[in-house]
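Worksheet: one structure, shown below.
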Amino acid sequence: MSESKGLTRAKEIYQDRPRRVKELKAEGRKVIGYLCIYPVLEMITALDLVPYRILGDIREPITKADACLPTVVCPFVRSCLDLGLKGKYDFLDGVAMAHVCDVGEKAAHIWHIYLNPPYFHFIDTPHTIHKAAQKQHKELLKDFQRTLESFVGKKLSPGRLKEAIEAHNQQRALVRELYELRKPDPPLISGTETLQVMVALMSIPVEEGNELLRQVISEVKQRKDGLQKKPRLLVWGSIIDDIALIELIESAGANVVMDDTCVGSRAYFPDVKLTDDPLDGLAYRYLVELKCPRTFREGVFGETKKDYIKDLESRFSYLKDYAREWNAEGIIVQAMRYCDTHGYEVPGVKDYFNHLGLPNTYLELDYTEAALAPLRTRVQALLEVMG
Amino acid sequence: MVSEKKKRAINRLQSMYPLRSLVDGMYERAVEVSKAGEPTAWSMVNWWEGDIILKAMDMAVVYPEDYGAVCAAFGAAPAYLERCDSDGFPSHMCGYARNCIGYTATMMDLGKIPPETPMGGMPKPTLLLSSGSLCDARYKWFQALGRYMDAPVWTLEIPHPGVKESQMEGAYEHNISFMVEELKEFVAFLERLLGRKMDWGKLDELINDTIEMNRVWHEVNELRKARPCPMHARDFWSSMPASLYLAADPKKTKDLYQKMYDEVKDRVDNHLGALPIEERYRLAFIELPPWHGLKFFDRLAERGWNFVYESWNYHPPKPIDLSKVSNPLERIARYTYQWLTGYFKDALKAEEWWGYFAYPYLELVRDYQCDGVFLHPLLTCRTATNHLMLVQDRLMKKLNVPSLVIEGDIVDLKLFDPDDAMRKAEAFEEIMNHYRVVRKEKGLNW
């Protein structure tokens, strides 16, 4: 294990993600890959397995996945599958996927067929947050637990599961503490550095991630050579798992001070409530509290009248809080090309930001590094509008 | 010289025409009902999960997915697509959705149904019924219509388990229980929305009639296993909306399907195929056809290509005995779930992990003895496209059946080039001939 600490350590992990889990494998630990943020990490951790998030690579041309998934679907998912087919996830002992979106679901079955890992489980996450959907989600998590137990050959006790929940909640609290350091003007940590930390957390066991976060927070708090004051931006949208876009925005003359993406606050802000039956808290958090547009939400359950602004409030009001608390002056609305769940949301979320009086711009990404450069002018135009 | 009337390339079934006209009536009825101040719904195709309930509540329903195809065929789609794009929706989204969003925006601007729109248009709905089945667009799109109109949205849930997961102890029960709970809530919601109570007796009868209607429709399609195949895909596509959209009283529709059964059975008994010439190749067509270019199939028919099966998902479910299930909502849940998961047990035995959209073709292509498969990736429909490469791969690996891939779209007419497709099809005949020999060598019986 590397001797480095804090931000340096986070950057090292970011640059060579599998290194640490491969070391752990050599020590006899098993690693479970997961796609997106819906597989329940606490169950994996509680059974002494290491959860490892499957991400893509914007620098790696997609070649092998072309034979399994057409070019008109999410390039991020295609990239993940491509890396899998090229053997770059061969170190995984198992994979857990969920019905995160249409393409994510299909990619799960394709992964199962073509990569056939020793352990595979698919969680059919419901589309709504209705009471019946929450109950169904709990049943689905029981099924997930059973297959994990069967894979490791031991039962998971509620006590052990609670310990894992506490460890992951600890991580979430530390991430929120780290994000607090983005509130000052100028922020104490850049968006680029923050993303490196987030990716690192998704690549190592939770306890090591918690230690890393403590080091990063301590280091950042003591910084003397902080950032400069610049226009403050919030970034909303599809997955960003590479620093290139954030670097581009920051190098165009802005500070990215807050995000609502799934390698960021979306994945970490909600805690799991400690309930008598831990599955209740897990089922609720992973279905209701994760705010990805893949889930259908409505202002009031079963309401027979529709009010557009109320509907937007019910879906996006947390963004108003983010913008206020982090003092964001402008918004980057970004979505991956062919990402339907975010794509349908774009005019609505822009309407909402316009309603709040927050200047915003829309960027469509195709998950390649080369295609990012032309977006700089869009960012610059937004910064000009913001004055 | 005596001029001879040109023979039709496909012997169309006479029993198809009354079934096809049922769908035209759907639009007229919705407009009339709306003018009379009665409630109407726009619904996603939901495989009878919500349709039967809406029908029992006397709601007139239209299907914007179907209307997308209508607008494409009538040339009305480009203006609606342009409107949707100019309102800031990404242009890579579903063509049907973009058409509907553009249509809705135009209708709400005008304060009435756009005057030149095809089939009399879709009236402003009282309810938007979206569905979690098969694709994200089918619930995100109706949510997005909130920008333009105040109709409430209800989203129907249907589980999509993995093949292995679906067979875990207790999985079937909790999946059905989930659907039943959701349907109870849906009925309660409708009762609040419409201010009237569900007529449970009527619902019960409608369910039975729908199941019976689809049983006959299934039997019609079973007859197509015969050589030569007595019914071409064009007749299937013309007849399927009557079932898929529950376009009329299912009792009446059942009678029409029964007439179709009789006509098809007669052809089988007399060894008559859907083509007036020798059936040289039997094919399955996978995914939605180019609605605006169906004449293309006549050109293929002239070369002896008979299309004997179509996309699994537009067919009724494998028959299931639900006569002992007394709760009507549970009967609906089990029926729709059967549609999605009816192949899963067999998929598990075959160790194929995509139980719908992909595995069914391994059974169907074998049972209908197809020489080839026509895959039609749709550039703005990911759901209809995601699985095609896998299907192509599995059919070749397991059955030595080749696929012809021709790109197109459901709304954008420019994306399907029939002349280019024809050139590829001609070359594909050699490939089908080759794999006939390969299959024979491997002991496969067609």
Side-chain angles (χ1 to χ4, degrees), chain A residues 66-70 72-74 99 101-103 105-110 112-113 120-124 126-128 130-133 135-136 139-140 142-143 146-147 293-294 296 298 301-308 311-312 315 335 337-338 340-341 343-348 350-351 362 364, chain B residues 87-90 92-94 97 130 132 134-137 139-141 143-144 146-147 149-155 157 159-165 168 170-171 174-175 177-178 181-182 184-185 188-189 192-193 352-355 357-358 377-380 382-383 385-390 393:
Chain A
D66 282 341
C68 312
L69 261 182
V72 292
V73 307
C74 170
H99 197 149
C101 63
D102 178 25
V103 176
E105 182 231 347
K106 308 301 188 281
H109 304 315
I110 291 174
H112 194 181
I113 290 166
F120 184 90
H121 188 83
F122 174 72
I123 304 168
D124 180 31
H127 284 94
T128 68
H130 301 163
K131 286 280 180 227
K135 191 172 151 196
Q136 164 76 347
E139 293 299 324
L140 293 165
K142 281 184 196 167
D143 292 345
R146 279 160 57 200
T147 62
R294 56 79 59 202
F296 178 84
E298 57 215 314
F301 171 67
E303 197 173 37
T304 56
K305 299 282 176 212
K306 177 96 176 203
D307 177 316
Y308 183 50
D311 181 49
L312 293 181
R315 284 151 61 195
R337 184 169 302 156
Y338 307 129
D340 282 337
T341 53
Y344 282 94
E345 216 80 323
V346 166
K350 281 175 67 67
D351 285 347
Y362 170 57
E364 189 170 288
Chain B
D87 278 10
F89 287 93
H92 59 71
M93 290 176 0
C94 164
S130 63
L134 302 190
C135 95
D136 303 324
Y139 63 97
K140 295 303 293 182
W141 142 20
Q143 193 174 35
R147 290 188 98 207
M149 59 187 186
D150 55 5
V153 185
W154 185 273
T155 297
E157 287 271 26
H160 294 58
V163 165
K164 271 188 182 173
E165 293 80 357
M168 287 178 73
H174 73 65
N175 285 336
S177 166
F178 170 41
E181 287 300 310
E182 283 288 318
K184 269 187 206 163
E185 291 287 357
F189 165 77
R192 289 198 303 277
L193 179 73
E352 288 290 335
W353 308 128
W354 193 344
F357 266 141
L378 303 170
L379 294 184
T380 65
R382 280 161 276 292
T383 296
T385 304
N386 278 321
H387 52 289
L388 298 183
M389 295 161 117
L390 177 69
D393 177 62

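To find a chain, count down the sequence lines: A is the first, B the second, and so on, and within it residues start at 1.
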ask   = Salt bridge check: are A:D340 and B:R382 linked by an N-O gap of less than 4.0 Å?
value = yes

remark   = Heaviest contributor of heavy-atom pairs below 4.5 Å to chain B, chosen from A:I113, A:V73, A:L312, is A:I113

ask   = Which distance, rounded to the nearest 0.5 Å, do you find between the CG of A:D143 and the CE of B:M168?
value = 4.0 Å

key: Residue among B:E181, B:E185, B:E182 satisfying side-chain contact (heavy atoms from CB on, under 4.5 Å) with B:E157   = B:E182

request  = Under 4.5 Å, counting heavy-atom pairs only, tell me which of A:E364, A:E345, A:Q136, A:R337 racks up the most with chain B.
outcome  = A:Q136

inquiry  = So, taking the atom named CH2 in B:W154 and the one named OG1 in A:T304, what distance separates them when rounded to the nearest 0.5 Å?
reply    = 11.0 Å

key: Region of A:D351 in contact with chain B, defined by heavy-atom distances below 4.5 Å   = side chain

remark   = If one checks every heavy atom of B:L134 against chain A at 4.5 Å, the contacting part turns out to be backbone

note = Turns out that what part of B:D87 lies under 4.5 Å from chain A's heavy atoms comes down to backbone

key: Residue B:K140 versus chain A: region with a heavy atom under 4.5 Å   = both

key: Largest heavy-atom contact set with chain A, pairs under 4.5 Å, which of B:A171, B:G146, B:P377, B:G162   = B:G146

message = Shorter than 4.5 Å, heavy atoms on both sides: which option in A:A107, A:C74, A:P293 has the most such pairs with chain B?
response = A:P293

ask   = What option among A:V103, A:V346, A:I123 has the most heavy-atom pairs under 4.5 Å with chain B?
value = A:V103

ask   = What residue, out of A:Y362, A:F120, A:F296, has the most heavy-atom pairs lying under 4.5 Å from chain B?
value = A:F296

query = Do you know which of B:L388, B:V163, B:T380, B:N175 has the most heavy-atom pairs under 4.5 Å to chain A?
reply = B:N175

task = Calculate, to the nearest 0.5 Å, the distance between atoms NZ and NE2 belonging to A:K106 and B:H387 respectively.
result = 9.0 Å

key: Pairwise distance OG1(A:T128) to CD(A:E298) - rounded to 0.5 angstrom   = 7.5 Å

query = Please walk me through it: do B:Y139 and A:H127 pass ring-ring contact (aromatic ring centres under 6.0 Å, His included)?
reply = CA-CA 9 Å; B:Y139 63 97; A:H127 284 94; 4.9 Å; yes

query = Looking just at side-chain N and O atoms, do A:H99 and A:D124 make a donor-acceptor pair shorter than 3.5 Å?
reply = yes

note = The interface call for A:A108 against chain B, heavy-atom contacts under 4.5 Å, is neither

task = Check whether B:A151 gets within reach of chain A through its side chain, its backbone, both or neither, counting any heavy atom under 4.5 Å.
result = backbone

Per-residue contact mode, B:W354 against chain A (heavy atom under 4.5 angstrom) = both

request  = For residues A:Y338 and A:P70, determine if any side-chain heavy atom of one lies less than 4.5 Å from a side-chain heavy atom of the other.
outcome  = no

message = Given heavy-atom pairs under 4.5 angstrom as the criterion, report whether the side chain, backbone, both or neither of B:V153 touches chain A.
response = both

request  = Could you look at A:D307 and say if it's the side chain, the backbone, both or neither that has a heavy atom under 4.5 Å from chain B?
outcome  = neither

query = If you count the non-hydrogen atoms of other residues, nucleotides and ligands that lie under 6.0 Å from NZ in A:K135, is the total more than 12?
reply = no

task = Below 4.5 Å from any heavy atom of chain B, which atoms of A:C101 appear? Answer side chain, backbone, both or neither.
result = both

key: Side chain, backbone, both or neither of B:P161 within contact of chain A (heavy atoms, under 4.5 Å)   = both

ask   = Does the side chain to side chain donor-acceptor pair (under 3.5 Å) test come out yes or no for B:T383 and A:D102, once each step is laid out?
value = CA-CA 7 Å; B:T383 296; A:D102 178 25; 2.5 Å; yes

